[in-house]
Structures are given as structure tokens and as C-alpha cells.
Number of protein chains: 2
Amino acid sequence: MTTNVETISKTCIAVRLRLLNRVVTNLYDDALRPLGLKVSQLNILVVTARLGLARPAKVCDLLHLDTSTLSRNIKPLQANGWLEVVPEEDARAQPFRLTAQGKQLIEKAVPAWEEAQRQATELLGRDGVAQLAKAAKKLRKPGVEI
Amino acid sequence: MTTNVETISKTCIAVRLRLLNRVVTNLYDDALRPLGLKVSQLNILVVTARLGLARPAKVCDLLHLDTSTLSRNIKPLQANGWLEVVPEEDARAQPFRLTAQGKQLIEKAVPAWEEAQRQATELLGRDGVAQLAKAAKKLRKPGVEI
DNA sequence: GGTTATTAGTTGCATATACAATATAATTCA
DNA sequence: TGAATTATATTGTATATGCAACTAATAACC
């Protein structure tokens, strides 16, 4: 007989995805630690670099992040001088962009990112990486691209 | 020419995995919200149910969770009366187990879990789910099973 | 033009996560 | 047996995450 507990324990997608997320996040965070940077922060910096002028709502659409989360996450990036908020005509908007230091930091982080990416690729395998890309692609919102 | 920023943006495993983690976690959390339960909490309750008497270190090995994280995560579960700490000979140990209410909650959560699991399966696809299982299996530590 | 609706972000609150440092207890070993 | 080591978990600090409620400003509408 298979109990509900056994079923959830052995098949739950959230359990596995969250576990894998912890492990992989730690791979990148370990590699990036000498730079005083976390992979969650590098993500935001890279998206910002791609956008040039980054509007919070757009970044949140791209990353499927709650706006309140981004609002707080950019604070330490600002405090470290990696990005800056740019005033605009629309007084509600709080777009931000990379600073020169932020750009330099991304370039400095590339070797560490490559090493973590290598480890993550090894863990997931070619097929795992492909499936991940496929799922992420499914989640792209129309018109929200970089 | 492909810049470093473009490469990271388009290929980073952590970016995609973390994004997918947010989306899938929200699927389950939305489904479980009427029960006042989050999927992270359900995970811990289910592991506890499987173990009977759950030792923090063992749970952390199973879930690849930092012990300090678990130490704090069980607090609200205790406060809600879903699990209880059981004293033991070894005064350092703080093993815990489900309460009757905790068991009932899991059973009550099954339909919501099933619906979220259905949605997550649809998002990841058969192959995606299989790849996820494969990666999670790779992370099992020897002797740490349930 | 003034009221209403919409849009853009922030703040309050709760939980999740991990590293570093700590506390405490059990074990080892000289 | 007493000191050093090891094991188990918690606390301090910082970041990540999202919901609900809020503020402020723009747009829409009558």
C-alpha cells in the first residue's frame, strides 16, 4: 500500500526543484563569494546590463519576481555602488542602470560564474540543462524579452 | 560578437533554475494557501512523517538544508501545533515528530498538492520531471534515505 | 476641470536561506 | 580523570521571497 505521505515524498516536484535550487544556488554563491557577490545579485546586474535602463516592472516580468522583492533586492546593489536609480519624467518610475563599477564587477565575476556553470552543467547533464531551458522558455511573457 | 553579459543572460543555469523555482513554489503555495500552509512547510512535515522521529541533522542531509535554516523553519510548525520536539537521552539532540494535527493537515492538503503537482507536471513536461528526478537522485548522500 | 480608475513602487509582516560564531553536551584520549 | 576534540543545534546578521496594504502620480472619463 502506498500512503499519501509516501507519494508526496517520492514524487513531489516542488521538493526536488527546491532542493536542486538550494544546491545550485550554493555552487554559484560559493564561487562568487570572493567578490562579495551572490548569484541572485549577479542575475539582477546582468539583466540591468542587458536593458541599459531597467524598469522594475520589466525586470520583474523577465525574472518572475514580485515587485516588492526587487524593490528590496536592489538596495544592497545600490549601497555597493553597482547600480544607480535614474530620475525620469514620470515621477512614479524608479528606473535604474549599472554604474561603471557594476560593469567592472560583472566582468570580474565571469571566471567564477564559468566555474559554477561548469559544475552545474555537470550536475544536470546535457539533457537536464536542455529541459531547464525549455521550461524557462515556456514562462516567457509575450513582449517581455531581452 | 557575443559579450559576457549576453552569454550569462542567455545560458546561466542558476537564473533559469531560480526562476523556475519561484514559479513552481508559487503554484504550490497558491494551492496550499487556504490551509495556511506553504510548500516548504509541507515538505518538512512529509519528511517528518516518513521518519517518525526526525533528527534535524538527518532532515538537513535529506533536503540539503543548512541546520540553521531548519532550526528556524520548524518554529512556525511547532507554533501551529503540527509538530513537537521530543526530549531524548542525548541532551544535545532536538528530535521532533508530527502531532495528530500535523498528520491530519497533511491528509487535508493532499487535494491541493495534487492540483499543484498537476500544474507543475504540465509546465515541466514528462521529460522535465524525469530530468529533475535524475538530478535529485544524484544528490542523495550515501546512507541518507527515506 | 475634477472625480475616478489605473499604474508604479514601497512598506509591514512573515517565512526561507546560509555563513560565521556560539553554546552545550558527549566522546576521546593522554 | 581532566583536557582536547567532536557532535548537535541555536543565535547573530544579511539577503531572498511574496502577500496585503499603502502612497503617490498619471491617465481616463464625464
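Chain letters run A, B, ... following the sequence lines, proteins first, then strands; residues in each count from 1. When reading the values below, keep in mind they use all heavy atoms of this one structure, side chains included, and skip hydrogens, waters and symmetry mates.
Across the protein-nucleic acid pair, D61(B) atom CG and dA9(D) atom P stand 11 Å apart, rounded to whole Å. The nearest whole Å value for the distance from the CD atom in Q41(A) to the P atom in dT17(D) is 10 Å. One atom, CG of L37(A), and another, P of dA18(C), lie 18 Å apart when rounded to the nearest Å. Atoms CG (L70(B)) and P (dC19(C)) sit 15 Å apart, rounded to a whole Å. If you take CZ of R55(B) and P of dA25(C), they are 18 Å apart, rounded to a whole angstrom. Atom CG of D66(B) is separated from atom P of dT10(D) by 12 Å (rounded to the nearest Å). Residue L65(B) contributes atom CG, which lies 11 Å from atom P of dC19(C) at whole-angstrom precision.
In terms of position on DNA chain C, the residue among A57(A) and K38(B) whose nearest nucleotide sits closer to the 5' end is A57(A).
Taking the side chain as every heavy atom from C-beta outward, L139(A) and L123(B) approach each other to under 4.5 Å. A heavy-atom distance below 4.5 Å is not found between the side chains of D127(A) and D127(B).
Taking every heavy atom of residues 18-36 of chain A and every atom of DNA chain D, no pair lies under 4.0 Å. Within residues 78-105 of chain A, the residues approached by DNA chain C to less than 4.0 Å at the level of any non-hydrogen atom are R92(A), A93(A), Q94(A), in residue-number order. Within residues 132-146 of chain A, no residue places a heavy atom under 4.0 Å from DNA chain C.
Between E145(A) and K58(A), no side-chain nitrogen of the basic residue sits less than 4.0 Å from a carboxylate oxygen of the acidic one, so the salt-bridge criterion is not met. In this structure, E107(A) does not pair ionically with K103(A), as no charged nitrogen and carboxylate oxygen lie closer than 4.0 Å.
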Item to check | CA sep, side-chain torsions, deciding dist, call: E122(A), R118(A), salt bridge (Lys or Arg N to Asp or Glu O under 4.0 Å) | outcome: CA-CA 6 Å; E122(A) 191 183 330; R118(A) 192 193 60 67; 3.3 Å; yes
Next on the checklist: Would R97(B) and E84(B) count as a side-chain contact (heavy atoms from CB on, under 4.5 Å) here? Give the steps.
Outcome noted: CA-CA 6 Å; R97(B) 66 179 166 211; E84(B) 60 189 354; 3.1 Å; yes
Item to check | Worked verdict on R33(B) versus D30(B) for salt bridge (Lys or Arg N to Asp or Glu O under 4.0 Å) | outcome: CA-CA 5 Å; R33(B) 188 159 303 120; D30(B) 287 349; 3.1 Å; yes
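V46(A) is connected to V144(A) through a chain of hydrophobic side-chain contacts under 4.5 Å among Ile, Leu, Val, Met, Phe, Trp and Tyr, so both are in one cluster. A single hydrophobic cluster is not seen to contain both V59(B) and L53(B); linkage of ILVMFWY side chains at heavy-atom distances under 4.5 Å, directly or through other members, places them apart.
Counting distance only, with no hydrogens placed and no angle test, the side-chain atoms of R72(A) and the base atoms of dG9(C) include no donor-acceptor pair under 3.5 Å.
Considering only side-chain N and O atoms, N73(B) lies under 4.0 angstrom from the phosphate OP1 or OP2 of dT17(C). In this model, the phosphate group of dT17(D) is not approached by any side-chain N or O of T69(A) to a distance below 4.0 Å at OP1 or OP2. Using a 4.0 Å cut-off, no side-chain N or O of K58(A) falls inside it from OP1 or OP2 of dT7(C). The side chain of K75(B) contributes no N or O atom lying less than 4.0 Å from OP1 or OP2 of dA9(D). For the OP1/OP2 pair of dA16(D) and a distance below 4.0 Å, the side-chain nitrogens and oxygens of S40(A) include at least one atom meeting the criterion.
Formation of a donor-acceptor pair under 3.5 Å by the T48(A) side chain with backbone atoms of L98(A) is not found in this model. Looking at D90(B), its side chain does come within 3.5 Å of a backbone N or O of R92(B) through a donor-acceptor pair.
When distances are taken from the side chain of T67(A) to each of dA20(C), dT15(D), dT10(C), the shortest belongs to dT10(C).
The only member of E115(A), K38(A), Q117(A), Q119(A) that meets side-chain hydrogen bond (donor to acceptor under 3.5 Å, both in side chains) when paired with Y28(A) is Q117(A).
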